[in-house]
2 protein chains.
Amino acid sequence: MYIQVLENLQRDGKNVISSELLARTCDVNPSQIRKDLAYFGEFGVRGVGYYVQDLITSIKQALGVDRVWKCALVGVGNLGRALLNHREFRLRGFHIVGAFDCDPFKIGEVVSGLEVVCSRRLKERTADLGIELGVITTPPERAQRACNYLVDAGIKGILNFAPARIEVPEGVTVEYVDFFHHFYAVAFNVTLGSQD
Amino acid sequence: MYIQVLENLQRDGKNVISSELLARTCDVNPSQIRKDLAYFGEFGVRGVGYYVQDLITSIKQALGVDRVWKCALVGVGNLGRALLNHREFRLRGFHIVGAFDCDPFKIGEVVSGLEVVCSRRLKERTADLGIELGVITTPPERAQRACNYLVDAGIKGILNFAPARIEVPEGVTVEYVDFFHHFYAVAFNVTLGSQD
DNA sequence: TGGTGTGAACTTTTTCACAGCG
DNA sequence: CGCTGTGAAAAAGTTCACACCA
């Protein structure tokens, strides 16, 4: 969230920002911001605030997103295609360098400049392509299998867009992405709000 | 998350589930599950567990997602089009019934069976279409304007896919959707993991 | 002077442990 | 008997208040 807000501030020509102002736009308490940022280092200047450009750099460095991460996408369905065509990925440093699917009708097809390869061949292609992260966009019932291919290939970070939980060995991190959670949350809040 | 897991259990033919087992798949503590569910009512049966179908129904009712929610989408760019074509929305009870944009070249175009209408006309179309939720898919610099149109139309729930914070009056809820947050999180965890 | 960094106080969330009930 | 629902205890997260420093 901070990266997002700071990049927008930068676009607006702001060079310095205080925790007070940052707090206002992020809708949190100023102390929260100071604690969060101080966790990774002393990024601010007393009596002045935070230099926007420096802070962006510092946060990205702290998170490890100050470089390119190469990703493999497994599951070339509707969602998979949408992600493959989403140019924002490159901008944010996440390069999708391989597309995999187990459907023989899709293998060989070229999507967004990438040839779809059989999922079983993920392991042999991982080192070549320099893949570090996996993106699962299969239907829910095939998510675990996709996950297994990724784990087997030695990949340590997985983004699961499939609406199913997956099991991974220790040392592998999974992030679940499902924007319907947000739809449920809004629906719930609106329902609550209209009651009183 | 519970709805997601329970629907998958149902597909697999499971009729009853204990907090213990549910906890295992959700990767949380069993007490957590019991507390969460008990918050909305007594859904379980002592000595037995939770009936899967009943629990799905109960949770959906508690969240207010046991009905159709009609949505307006503002910003027919790449992401907007992808969402308009995403059939999963109907399945989950979120019907996009109006598409709006301020670009004169897009107005009148038909996307996924919906005619793109000028954003300024949002208010006059809201009642007709029965719109209750707004989905913002504009570029970040136009998110606030889109938001203002929605608020002005009396909409109380907004999903903001634009990478920018927006201001709303009290009584209006906003959920921010940005899956790059998840990419950052995975990158961070993988970076951490490779250090020790 | 003004805004950060931070220990201490406070609040919220999570887990434990077991009573209660089908 | 077995698993839920729930107070009490423990842990985690947030806010306050002010020392400290450009």
Side-chain angles (χ1 to χ4, degrees), chain A residues 1-3 5-6 9-10 12-63 165 173-176 181-182 184-185 188-189 192, chain B residues 1-3 5-6 9-10 12 14-63 165 173-176 181 184-185 188-189 192:
Chain A
M1 174 174 66
Y2 296 151
I3 294 177
V5 169
L6 290 164
L9 284 171
Q10 192 171 48
D12 297 346
K14 276 258 179 218
N15 290 316
V16 186
I17 185 91
S18 66
S19 61
E20 175 90 31
L21 257 58
L22 199 49
R24 201 123 43 180
T25 51
C26 293
D27 222 3
V28 296
N29 185 295
S31 314
Q32 182 71 77
I33 291 195
R34 296 203 296 276
K35 267 265 157 69
D36 286 347
L37 298 180
Y39 180 79
F40 287 114
E42 301 207 359
F43 300 152
V45 182
R46 289 169 200 233
V48 178
Y50 300 89
Y51 290 105
V52 175
Q53 176 58 68
D54 287 2
L55 189 50
I56 293 173
T57 307
S58 300
I59 296 176
K60 286 195 172 175
Q61 210 158 59
L63 294 183
R165 306 291 296 182
T173 47
V174 178
E175 276 284 321
Y176 293 88
H181 291 357
H182 298 281
Y184 287 165
F188 174 61
N189 279 308
L192 270 193
Chain B
M1 174 174 65
Y2 296 150
I3 293 178
V5 169
L6 290 164
L9 284 171
Q10 192 171 48
D12 298 345
K14 277 260 177 215
N15 289 316
V16 186
I17 185 92
S18 67
S19 61
E20 176 89 30
L21 257 58
L22 199 49
R24 202 125 40 181
T25 51
C26 294
D27 221 5
V28 296
N29 186 295
S31 314
Q32 183 72 75
I33 291 196
R34 296 203 296 277
K35 267 264 156 70
D36 287 346
L37 299 180
Y39 180 80
F40 287 114
E42 301 208 355
F43 300 151
V45 182
R46 288 165 200 237
V48 179
Y50 300 90
Y51 290 106
V52 176
Q53 176 58 67
D54 287 2
L55 189 50
I56 293 173
T57 308
S58 300
I59 296 176
K60 286 194 173 175
Q61 209 159 60
L63 294 183
R165 307 290 297 182
T173 47
V174 179
E175 277 283 323
Y176 293 89
H181 291 356
Y184 287 165
F188 175 61
N189 279 308
L192 270 194

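As the structure is a computational prediction, the values presented were derived from the model and not from experiment.
- Heavy-atom minimum distance, A:Y51 versus A:V48: OH-CG1, 4.0 Å.
- C:dT6 atom P lies 14 Å from atom CZ of A:F40, rounded to whole Å.
- In this structure, the side chains of B:R165 and A:M1 come closer than 4.5 Å at one or more pairs of heavy atoms.
- Proximity of residues 27-34 of chain B to DNA chain C (heavy atom under 4.0 angstrom from any strand atom) is restricted to B:N29, B:S31, B:Q32, B:R34.
- Contact annotation for B:E20: no contact, since no heavy-atom pair falls under 4.0 Å across all strands.
- One can place CG of B:D36 at 17 Å from P of C:dT12, the figure rounded to the nearest angstrom.
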One pair to check against side-chain contact (heavy atoms from CB on, under 4.5 Å): A:Y50 and A:L6. What are the steps and the verdict? CA-CA 10 Å; A:Y50 300 89; A:L6 290 164; over 6 Å; no
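- The OH atom of A:Y39 sits 13 Å away from the P atom of C:dT6 (whole-angstrom rounding).
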List the atom pairs, donor and acceptor, that lie under 3.5 Å between side-chain atoms in residues 13-25 of chain A and the rest of the protein, sequence neighbours left out.
{"residue": "A:S18", "atom": "OG", "partner": "A:L21", "partner atom": "N", "Å": "3.2"}
{"residue": "A:S19", "atom": "OG", "partner": "A:R34", "partner atom": "NH1", "Å": "3.1"}
{"residue": "A:T25", "atom": "OG1", "partner": "A:L22", "partner atom": "O", "Å": "3.0"}

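- An angle of 20°, rounded to 10°, separates the two end axes of the helix from C:dT1-D:dA22 to C:dG22-D:dC1, each defined over five pairs.
- Between the side chain of B:K35 and the base of C:dT15, at least one donor-acceptor pair of N or O atoms lies under 3.5 Å.
- Within residues 51-59 of chain B, no residue has a heavy atom under 4.0 Å from DNA chain C.
- Toward the 5′ end of DNA chain D lies the nearest nucleotide of B:G44, the other residue of the pair A:V48 and B:G44 mapping further downstream.
- You can see that DNA chain D meets the heavy atoms of chain B within a 4.0 Å-exclusive cut from D:dG2 to D:dA8, reading 5' to 3'.
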Please tabulate, for side-chain N and O atoms in residues 56-63 of chain A, each donor-acceptor pair with protein atoms closer than 3.5 Å (sequence neighbours left out).
{"residue": "A:T57", "atom": "OG1", "partner": "A:Q53", "partner atom": "O", "Å": "3.0"}
{"residue": "A:T57", "atom": "OG1", "partner": "A:Q53", "partner atom": "NE2", "Å": "3.1"}
{"residue": "A:S58", "atom": "OG", "partner": "A:D54", "partner atom": "O", "Å": "2.8"}
{"residue": "A:K60", "atom": "NZ", "partner": "A:E7", "partner atom": "OE2", "Å": "3.0"}

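- Minimum heavy-atom separation, B:Y184 to A:I3: CE1-CD1, 3.8 Å.
- Here the C1' atom of nucleotide C:dT4 and the CZ atom of A:F43 are 13 Å apart, to the nearest Å.
- Looking at heavy atoms from C-beta onward, B:Y2 lies in side-chain contact with B:I33 at the 4.5 angstrom threshold.
- Checking the phosphate oxygens (OP1, OP2) of C:dG5, a side-chain nitrogen or oxygen of A:Y50 falls inside 4.0 Å.
- Comparing C:dG22, C:dT4, C:dG5 by their closest approach to the side chain of B:R46 singles out C:dG22.
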